[in-house]
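Accompanying notes for the structure given below.
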Amino acid sequence: MSTPRVTWIMPVLNGMPFLPAALESLRQQTFQDQQVYVWDNGSTDGTLEVLREWIPARIPGKVFVGQPLSLGMSLKRLLEEAPSSLVARMDADDICLPHRLATQVAHLDKHPGLTVIGSERISIDLQDREIPRRSAFPPDYFDILHATLRAPRVLHPSVLMRRDQVLEIGGYQDLSTPDSPYWCEDYDLWLRILSKHKVEALPEPLIRYRYNPDSLTETEMRLNRSANAKRRAWLINCKAFAGIHSSSVAGRLWDRRLFLSMPVILGIARHFQSRDGLKVSERLKMPSFVRIAQSYLRREDLISRIWLRGLSKKFTATNNE
């Protein structure tokens with residue numbers, strides 16, 4: 001029996017009541033050369049019974065049980081276990097549109113230099129009702145690259161990835177510690193992938209992405225943990241991703257505490273040029289890079305503000321002549 005071309009990887013912890021709909025959306029894919037690997041992280045709500053009913057009877061695949069792990073570590077193990085050349089992410093509470101895999105596989109086949117392809121989403125609530133989209137995810141490689149200087153801007157459950165290239169950069173990681181137990185595994189992954197490879201996202205929604213409206217207190221706590229984890233991922237990856245060799249400088253840039261930020265920002269632009277070939281002058285015309293550069297500037301750093309504005313206007317004017 002030949003190895004399926006795509007393996008879905010899905011970590012789960014208490015996936016009910018949304019899990020059956022998620023699995024049904026995989027069964028309904030128009031691209032059928034697929035299987036699903038699920039890592040159960042200690043579910044107690046009937047998730048295991050549903051998984052055993054579905055896999056492999058209705059969908060080819062495998063369920064890993066008896067070894068609960070963190071989200072990052074379960075993703076790491078699933079990626080390592082998956083035998084397919086392409087790996088797709090999926091969460092147990094989301095729903096894939098039927099043509100998701102077919103569309104993304106065709107895109108990667110057409111663009112062999114691309115490592116990851118994501119997509120836009122349709123936002124839904126706990127009752128499957130569509131809700132207003134909070135913001136659009138950037139589809140263009142350069143816009144994704146620039147946005148990643150501050151945060152993950154690829155919808156993680158929407159991606160299809162080339163497995164070997166993701167393993168080559170270390171796959172998923174979990175660098176949580178007892179003092180910092182929360183880890184931003186997706187941001188860490190995008191920083192490392194974008195240090196060597198290209199990522200894009202299709203502007204077409206290919207997933208119904210579920211939002212769970214937490215209480216205000218829980219949301220604030222989660223956002224604070226996420227912000228700290230993103231900062232740690234940035235500091236760990238700042239050299240390879242942005243060409244910043246000093247973690248102290250990278251930390252002060254992130255915190256908007258550098259006395260003069262513009263030399264570091266220009267260094268980032270030069271580092272990106274060495275990787276993707278886009279000249280610094282061209283990058284400084286791009287709103288996505290200028291916007292992120294501005295987010296690094298202290299209010300008191302008037303020299304950098306004037307410097308950035310002047311260079312951006314100069315290069316834009318030169319281009320228009």
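Just so it is clear, the model here is predicted, and its values are computed rather than measured.
- Note: the hydrophobic cluster containing Trp8 also contains Val65 (ILVMFWY, side chain heavy atoms under 4.5 Å, direct or indirect links).
- A salt bridge is absent between Arg208 and Asp128: the closest approach of a Lys/Arg side-chain nitrogen to an acidic carboxylate oxygen does not fall below 4.0 angstrom.
- Taking all atoms of both residues into account, the shortest heavy-atom contact from Arg305 to Leu297 is NH2-O, 3.1 Å.
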**Asked** Do Ile169 and His197 pass the side chain to side chain contact (heavy atoms under 4.5 Å, CB included) test, and can you show the C-alpha distance, the side-chain angles, and the key distance before you say yes or no?
**Response** CA-CA 10 Å; Ile169 55 89; His197 303 293; 4.2 Å; yes
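- A donor-acceptor distance shorter than 3.5 angstrom exists from the side chain of Arg192 to the backbone of Gly171, with no hydrogens or angles considered.
- The minimum heavy-atom distance linking Ile95 with Ser25 is given by the pair CG2-CB, 3.7 Å.
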Compile the donor-acceptor pairs under 3.5 Å between side chains in residues 239-250 and protein atoms, sequence neighbours left out, one pair per line.
from, atom 1, to, atom 2, distance (Å)
Ser246, OG, Ser248, N, 3.3
Ser246, OG, Val249, N, 3.1

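- The distance from atom CG of Asp174 to atom CG of Leu69, rounded to the nearest 0.5 Å, is 9.0 Å.
- Applying the ring pair (Phe, Tyr, Trp, His ring centres under 6.0 Å) criterion to Phe142, with sequence neighbours excluded, gives no partner residue.
- With hydrogens and angles ignored, the 3.5 Å screen pairs no side-chain donor or acceptor of Arg58 with any backbone N or O of Arg27.
- No side-chain N or O of Ser43 forms a donor-acceptor pair with one of Asp45 less than 3.5 Å apart.
- A distance-only check finds no donor-acceptor pair linking the side chain of Arg121 to the backbone of Pro205 [under 3.5 Å].
- The hydrophobic cluster containing Met262 also contains Val280, counting ILVMFWY residues as joined when their side-chain heavy atoms lie under 4.5 angstrom apart, directly or transitively.
- Glu282 and Lys285 are joined by a salt bridge, as a carboxylate oxygen and a charged side-chain nitrogen come within less than 4.0 angstrom of each other.
- Considering CE of Met161 and CG of Leu79, their distance stands at 6.0 Å, rounded to 0.5 Å.
- Hydrophobic clustering, with ILVMFWY side chains joined whenever heavy atoms are under 4.5 angstrom apart, keeps Val166 apart from Val105.
- Checking side-chain atoms of Ser158 against main-chain N and O of Ser119 turns up a donor-acceptor pair under 3.5 Å.
- Side-chain N or O atoms of Glu120 include one that pairs as donor or acceptor with a backbone N or O of Phe137 at under 3.5 Å.
- The shortest non-hydrogen separation linking Glu200 to His107 is OE1-NE2, 3.3 Å.
- When hydrophobic residues (I, L, V, M, F, W, Y) are linked wherever their side-chain heavy atoms come within less than 4.5 Å, Leu302 remains an isolated member.
- Shown here are the side-chain hydrogen bond (donor to acceptor under 3.5 Å, both in side chains) partners of Gln294, two or more places apart in sequence or in another chain: there are none.
- Using modelled atom types, no side-chain atom of Asn41 and backbone atom of Ser70 make a donor-acceptor pair closer than 3.5 Å.
- Other members of the hydrophobic cluster containing Trp183, listed by chain and number, are Leu175, Ile236; membership follows side-chain contacts under 4.5 Å among ILVMFWY residues, whether direct or relayed.
- The two residues Met90 and Cys96 make their nearest non-hydrogen contact at SD-SG, 3.4 Å.
- With rounding to the nearest 0.5 angstrom, the CZ atom of Phe259 is 10.0 Å from the CD atom of Glu300.
- Under the 30°/60° scheme for interplanar angles, the aromatic rings of Trp190 and His156 are found to stand perpendicular.
- No donor-acceptor pair under 3.5 Å is formed between the side chain of Trp234 and the backbone N or O of Leu191.
- Asp143 places a side-chain heavy atom less than 4.5 Å from the side chain of Met286.
- Val6 and Leu78 fall into different hydrophobic clusters, where Ile, Leu, Val, Met, Phe, Trp and Tyr are joined by side-chain heavy atoms under 4.5 Å apart, directly or via other members.
- When atom types are taken as modelled, the side chain of Gln35 and the backbone of Pro4 share no donor-acceptor pair closer than 3.5 angstrom.
- Note: Leu308 CG to Ser261 OG = 10.0 Å, rounded to the nearest 0.5 Å.
- Of all non-hydrogen atoms in His111 and Arg162, the two that sit nearest each other are O-NH2, 3.1 Å.
- Taking both residues in full, the closest heavy atoms of Leu206 and Leu202 are given as CD1-CD1, 3.9 Å, listed atom of the first, atom of the second, then distance.
- Within 6.0 Å of CD1 in Ile131 there are more than 12 heavy atoms belonging to other residues, nucleotides or ligands.
- Under the 4.0 Å criterion applied to side-chain N and carboxylate O atoms, Asp109 and Arg5 are assigned as salt-bridge partners.
- For the atom pair NZ (Lys279) and CZ (Arg270), the distance works out to 15.0 Å, reported to the nearest 0.5 Å.
- For the pair Arg283 and Phe272, the cation-pi criterion (under 6.0 Å, within 45° of the ring axis) is not fulfilled.
- At distances below 3.5 Å, at least one donor-acceptor pair connects side-chain atoms of Gln34 with backbone N or O atoms of Leu26.
- In terms of modelled atom types and a separation under 3.5 Å, the side chain of Ser304 and the main chain of Asp301 share no donor-acceptor contact.
- Atom CD1 of residue Ile265 and atom CG of residue Leu311 lie 10.5 Å apart, to the nearest 0.5 angstrom.
- Checked against side-chain contact (heavy atoms from CB on, under 4.5 Å), Ala92 has the following partners two or more places apart in sequence or in another chain: Met10, Val12, Leu19.
- Arg77 and Tyr37 share no side-chain donor-acceptor pair at under 3.5 Å.
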